[in-house]
Amino acid sequence: MRYAEHLSNNLPIGSGVVEAACKTLVTQRMKCSGMRWRNPGGQGVLTLRSLVQSHWFENGWKLFAATYCGKVTKAATSNVIPFPEKGGSV
């Protein structure tokens, strides 16, 4: 690693910054009592948390919205049980 070059560009050269990021980004959210995460759920939480903490949430959300769009269709009504009207008997 070119320490002098990185220092002259005000870049961190120690592991303290990375360790602090791991603590605030990952440990405080993912290792709470009783929590269990699988890869997809944990990755989703960490991705959103990193966007929020880096103040990039708006840009990140625009990217997610543009990338992950699904077609919504009307559900079939033949198998739907309607709620009773107000004042009606159950």
Side-chain angles (χ1 to χ4, degrees):
M1 190 160 128
R2 298 181 304 270
Y3 290 101
E5 180 183 336
H6 292 311
L7 283 174
S8 67
N9 291 322
N10 293 321
L11 296 172
I13 61 168
S15 63
V17 173
V18 173
E19 290 174 20
C22 288
K23 182 178 179 182
T24 61
L25 181 68
V26 180
T27 303
Q28 288 179 351
R29 180 63 181 94
M30 305 299 283
K31 294 184 178 180
C32 293
S33 178
M35 289 188 172
R36 300 291 181 267
W37 296 95
R38 290 201 168 107
N39 271 356
Q43 183 62 57
V45 168
L46 290 177
T47 299
L48 290 175
R49 187 164 169 85
S50 66
L51 289 172
V52 168
Q53 287 192 352
S54 65
H55 306 290
W56 279 82
F57 183 79
E58 292 300 324
N59 292 336
W61 191 256
K62 288 176 188 174
L63 178 64
F64 284 135
T67 305
Y68 299 104
C69 291
K71 184 178 179 182
V72 178
T73 59
K74 185 177 178 180
T77 57
S78 60
N79 62 348
V80 175
I81 301 171
F83 284 106
E85 304 239 354
K86 284 187 177 180
S89 60
V90 176

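None of the values given here were measured: they were computed from a predicted structure.
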- Query: By side chain to side chain donor-acceptor pair (under 3.5 Å), which residues pair with Gln28, not counting sequence neighbours?
  - Reply: none
- Message: If the condition is side chain to side chain donor-acceptor pair (under 3.5 Å), which residues does Arg2 pass it with, not counting sequence neighbours?
- Response: Glu5
- Task: Kindly give the heavy-atom pair with the smallest separation between Arg29 and Trp37, and that separation in Å.
- Result: NH1-CZ2, 3.8 Å
- Item | Any pair counted as ring pair (Phe, Tyr, Trp, His ring centres under 6.0 Å), so long as it reaches residues 61-83, sequence neighbours left out | Phe57-Trp61
- Residues in salt bridge (Lys or Arg N to Asp or Glu O under 4.0 Å) contact with Arg38, at least two apart in sequence or another chain: none
- Message: Does Asn9 have more than 12 heavy atoms from other residues, nucleotides or ligands lying within 6.0 Å of its CG?
- Response: yes
- Query: Got a sec, which hydrophobics cluster with Leu63, joining ILVMFWY side chains under 4.5 Å apart, including via others?
  - Reply: none
Going by atom type alone, with no hydrogens or angles, which donor-acceptor pairs under 3.5 Å involve a side-chain atom of residues 46-56 and a protein atom two or more places apart or on another chain?
unit_1	atom_1	unit_2	atom_2	d
Thr47	OG1	Gln43	O	2.8
Thr47	OG1	Gln43	NE2	3.0
Arg49	NE	Thr24	O	3.4
Arg49	NE	Leu25	O	3.0
Arg49	NH2	Thr24	O	2.8
Ser50	OG	Leu46	O	3.2
Ser50	OG	Thr47	O	2.8
Gln53	NE2	Thr24	O	3.4
Ser54	OG	Ser50	O	2.8
Ser54	OG	Leu51	O	3.3

